[in-house]
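These notes are about the structure you will find just below.
Chain identifiers are assigned alphabetically (A, B, ...) following the order of the sequence lines, protein sequences preceding nucleic acid strands; residue numbering begins at 1 within each chain.
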Amino acid sequence: MPDSPSTILRVDDIRRTYTTTHGDLEVLKGISLSVETGETVSIIGPSGSGKTTLLGICAGLDLPTSGDVKIAGESLLPMGEDGRAAFRNRQVGFVFQNFQLVPTLTALENVMVPLELRGERGVGDRATSLLTRVGLGERLDHYPIQLSGGEQQRVALARAFINEPKILFADEPTGNLDGSTSDSIVGLLFSLNRDAGTTLVLVTHNLELAKQTDRIFRIRDGLLED
Amino acid sequence: MALRDSRQSRRRLFLFTLSIVFGVAALVAINAFGKVLERAIETRSKTLLGADLLIASGQPFNERTEELIRSLGGDQSRQTRFASMARFPKTGDSRLVAVRGLKGGFPYYGELETDPAGVTVNGRSDAVAIVDDSLMAQFGLEVGDTLEVGKVTFEIIARLIQIPGETAVEGVFSPRVYVPHNQIEQTELIQIGSIAYYNVLFRFDSGLTPEMLERLEAEREEWMREARVWFDTIEERKQEAGRVLVNINSFLNLVGFIALLLGAVGIAGSVQVYLKGKVDTVAVLRCLGATNHDAMAIYCIQITLMGLIGTAIGAAFGLSLLLVLPKVMAPFLPIGGLDIFIAWPTVFMAMGFGWVFMILFSLIPLLPLRKITPLRAIRSFVQDVAPAHKDRGVWIVCSLIVLVTTGFALWQSRERPLHGLGFLGGILLALGLLWLLAFLLRFTVRRITGSTWPYVWRQGMSNLYRPNNRTLFLLTTLGIGSFLIFTLYLTEQSLLRQGELSSSDENPNLLMFDIQPDQNDGVNRIIEAEGYTVVGNAPVVTMNLAELNGYDVGQLREMDESGEIDIERWAVFREYQSTFREHLNPDEVLLEGSFTPRASLDDDVPIPVSVEKEIVRALDLKLGDRILFDVQGFPIDVEVTSIREVNWNELRPNFFVVFPAGVLEEAPAFYVTATQVPDQQRIAFLQRKIVETYPNVSAVNLEVVLQTVGEIFDRVTFVLRFMASFTIATGLVVLISSILTSRYQRVKESVLLRTLGAQGRQIRSIMAIEYVLLGSLSALAGIILAGISSFALSRWVFEVPFYFPWGAPLIMVVGVSLITLLTGLANSRGIASHPPLEILREEG
């Protein structure tokens with residue numbers, strides 16, 4: 001199937017098998033999907049259904065056993081690890097369930113990392129402005145360990161948007177947060193996404209959260225349900 | 001539960017056990033070896049002397065001594081010892097050897113080990129010789145070949161392998177040649193003024209009785225000491241061997257101590273990182289109803305078991321080393337053919353110390369586990385662990401560590417407890433300084449790292465002070481390792497430097513002595529006829545110190561014992577080889593007073609003499625002090641009127657005491673002369689030529705002496721390095737384990753950076769900057785500390801000028817940085833070439 005110019009993510013018949021001590025375990029059994037630019041989609045399914053594995057492969061963090069993944073028309077598979085890293089740095093943003101901030105960097109430094117990795121200088125102002133936007137203007141020099149869970153996820157949101165990615169992947173972004181904190185993080189996520197015009201791919205088992213996206217993909221036993 | 005929990009981490013735990021393996025191995029090997037030596041000295045003490053009693057003198061025995069010898073009875077052997085040139089007709093070479101003319105059944109205990117076995121010169125009167133194995137190897141001699149000593153040509157009938165009570169090293173420096181006693185006279189080498197030693201060795205059926213010893217001690221006080229006749233007993237040899245043993249053991253124990261301490265530091269660090277990964281598990285267990293003690297118990301059991309495995313492996317390794325150590329140490333031991341046995345109580349004691357150290361040092365990171373609350377399981381950011389300095393348990397453990405370490409230091413240095421405590425203090429000081437340096441480094445890096453620096457540099461440098469940094473730990477362990485290794489190296493260099501100066505082109509390299517006055521001109525003529533210059537030619541008169549400022553040697557000894565004066569006894573009882581001349585030599589510097597060129601015994605005033613500063617120090621002399629010298633029976637009263645410093649490194653004929661001309665000309669004397677010959681072949685030729693004309697003249701080829709000193713030093717260095725390798729091995733294990741354990745910290749960070757788009761090159765650069773900085777600064781800190789300690793050792797222990805080879809520190813810094821960097825980079829393997837999720841899955 002040819003890509004339309006507006007397709008940002010295209011997944012073709014991907015399979016992923018892990019070798020375990022008890023034999024091969026096929027987690028993804030042939031999944032195809034596509035996401036249009038600016039669209040917000042969610043992938044939902046029960047635990048162990050393969051949704052995080054799918055997200056990892058879509059974002060180039062893992063490789064499928066077979067099949068192909070394209071972002072903005074570029075196939076991720078032939079790129080090599082360094083190529084995929086550079087590609088992620090330019091095109092992709094991430095938000096994780098457990099925040100995944102670099103523990104040895106302050107909040108401001110964490111946000112600056114994606115730009116600094118590509119050699120940009122003088123990015124402090126942009127990072128400060130983003131952190132102020134997420135409500136952490138006063139906590140720039142705090143280390144992750146000095147921040148609450150909600151605050152850590154705000155830093156992660158600011159970091160996800162600093163490189164103005166074309167597509168943002170979020171893995172259970174509220175999974176480690178309490179109710180009210182979750183609501184504010186979700187609000188912030190959608191608001192930042194809307195302003196930046198980014199495509200959002202969200203993995204969650206929270207149906208209420210999924211309903212806020214344009215489309216929902218349901219996954220069960222490694223296959224997409226109709 | 002403890003075993004189940006350890007399933008996923010046994011590889012990591014095994015690494016911790018390795019930290020202690022080398023320390024325990026060193027301890028077990030060293031202490032068990034010490035026991036082997038102790039028993040050998042105890043059971044074979046008689047072989048240390050080879051007889052029950054030795055009576056000796058540097059002059060032929062006078063009538064009173066002969067009377068004493070006769071009255072003692074028993075079996076007697078006579079031995080005359082002197083240094084002489086030996087010529088080997090087979091090769092045409094000649095070399096200075098230690099000739100020993102033997103008559104009688106010596107050795108009475110132990111045996112003269114020869115090849116072929118059982119050969120002796122006892123009972124023979126023909127010209128045969130048993131020759132030191134090292135000498136035969138040097139000149140390619142075989143049994144059946146000949147050697148010429150003086151006027152006699154001896155047939156070699158056996159190689160000499162070992163003599164009871166003497167180390168093999170002694171033979172390397174001065175190869176021994178045993179000949180029948182009656183042949184000594186035939187050599188015509190012993191003349192008036194020649195240096196020779198006369199020994200009588202006794203064996204008594206009931207050993208040396210207390211009555212005999214009492215009598216000898218009384219006679220010593222009465223007349224023997226003044227007559228320069230001394231005696232030696234098995235008991236004294238045993239004490240001497242014991243002192244050698246204590247010295248050897250002190251050094252070896254030091255090595256074991258360092259290895260164990262270093263290992264313990266490594267364990268504390270490794271366990272800390274290991275347990276950081278267990279915090280969540282503990283929180284979950286607490287949720288499920290486990291008490292603090294249950295959680296602690298799980299990890300205590302793991303560490304205890306690993307400790308037992310580590311100490312058992314270490315002990316096994318140490319016991320296997322017990323087979324190697326006697327071979328390594330053999331040249332320095334006064335006793336050969338050791339019976340190896342395992343002193344189990346010592347082995348268990350060493351294992352016990354190793355195990356206790358491991359447990360105590362593990363407890364420091366283990367104790368905070370008991371403060372973890374169940375809340376942590378649901379709120380991962382909850383900080384429930386109080387700082388270590390507020391934890392009473394940590395203080396108790398630290399106090400126990402200090403107590404056990406002090407106890408250990410005392411046990412290891414039981415003969416010299418102050419040394420042990422001093423060493424412990426030194427190590428603690430070094431550790432403290434390194435700790436301080438690490439703090440300063442973190443502080444400085446934090447201050448200088450600029451926000452405009454490239455990201456990779458900023459991140460690499462910041463890893464030195466940011467949360468989870470390993471700066472303190474790595475800098476201390478790497479620094480202490482570099483410090484110890486470099487101290488060894490610098491001290492060795494300062495000592496070696498002593499020999500280097502003499503091998504320069506201007507200094508003499510051939511020294512001849514025992515030249516009779518009527519031969520002096522002839523010898524110098526031969527030298528000049530060959531086209532060489534006589535660099536130094538001086539008469540030598542042997543004399544003894546009889547009185548100092550009116551006190552005889554007996555009184556001086558008593559005054560020294562009572563603390564009234566502070567003198568070194570060797571300077572009182574030594575035989576002085578003095579000279580006389582009208583001037584100072586170019587290699588002498590006048591420090592105090594004025595040199596008197598001429599004097600006369602007829603003036604009836606004390607003779608003004610010049611004394612070298614070493615003797616001034618040893619006898620606590622000052623200008624104006626009076627000495628009465630006994631010049632071979634003739635008393636000469638002298639006054640110290642000048643103090644000189646001699647540059648001994650130039651190896652010209654030099655003297656402690658220089659008389660003015662006009663005083664000693666009539667005294668029995670021999671001459672020494674020195675010359676500079678360009679190469680070995682010409683040295684050998686000149687040496688041969690002189691020995692052929694004047695067989696009694698001894699020549700010392702200084703090049704060979706330096707080479708021999710170098711060889712002996714090489715052996716010592718080998719032993720030092722062999723033992724130091726335990727410390728180095730532990731240091732490496734600690735380094736590798738600490739860097740590997742930091743992998744578990746750094747890998748998630750690296751994968752995250754990878755996820756955010758970092759190139760493999762960037763991740764490697766960040767790690768490289770961190771490790772190179774750590775490695776180079778540790779090495780630098782170690783070198784600075786080593787500089788201070790080896791300066792102190794050179795100045796106050798070895799009393800040689802301190803030498804600092806500037807190139808070596810650079811190599812050391814580069815070397816340590818490179819090892820650290822390579823280990824660090826090996827640590828980041830796979831991070832750049834595998835998908836991030838795959839790494840996270842593998843690392844767990």
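Within a 6.0 Å sphere centred on CG of A:D183, other residues, nucleotides and ligands contribute more than 12 heavy atoms.
Residues B:A758 and A:A85 approach most closely at O-CB, 3.4 Å, considering heavy atoms. Across B:T755 and A:F96, no two heavy atoms sit closer than the pair CG2-CZ, 3.8 Å.
A:E74 is linked by a salt bridge (Lys or Arg N to Asp or Glu O under 4.0 Å) to nothing, counting only residues two or more places apart in sequence or in another chain.
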- Run the side chain to side chain contact (heavy atoms under 4.5 Å, CB included) check on B:Q459 and A:E116 step by step: do they pass? CA-CA 10 Å; B:Q459 177 72 25; A:E116 290 194 313; over 6 Å; no
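Looking at heavy atoms from C-beta onward, A:V113 lies in side-chain contact with B:Y455 at the 4.5 angstrom threshold. Residues A:N89 and B:R754 have side chains not in contact (no heavy-atom distance under 4.5 Å, counting atoms from C-beta outward).
The backbone N or O of B:Q759 lies less than 3.5 Å from no partner atom in the side chain of A:D82, so there is not a single donor-acceptor pair.
For the atom pair CD1 (A:I162) and CG (B:L756), the distance works out to 11.5 Å, reported to the nearest 0.5 Å.
Sequence neighbours left out, the pairs with a member in residues 147-164 of chain A that pass salt bridge (Lys or Arg N to Asp or Glu O under 4.0 Å) are A:R139-A:E151.
Using a 4.5 Å cut-off between heavy atoms, B:S462 does not touch chain A at all. Looking at A:F87, neither its backbone nor its side chain comes within 4.5 Å of chain B, counting heavy atoms on both sides.
Per-residue heavy-atom pair counts under 4.5 Å with chain B were compared for A:R90, A:R84, A:E109, and the maximum is reached by A:E109.
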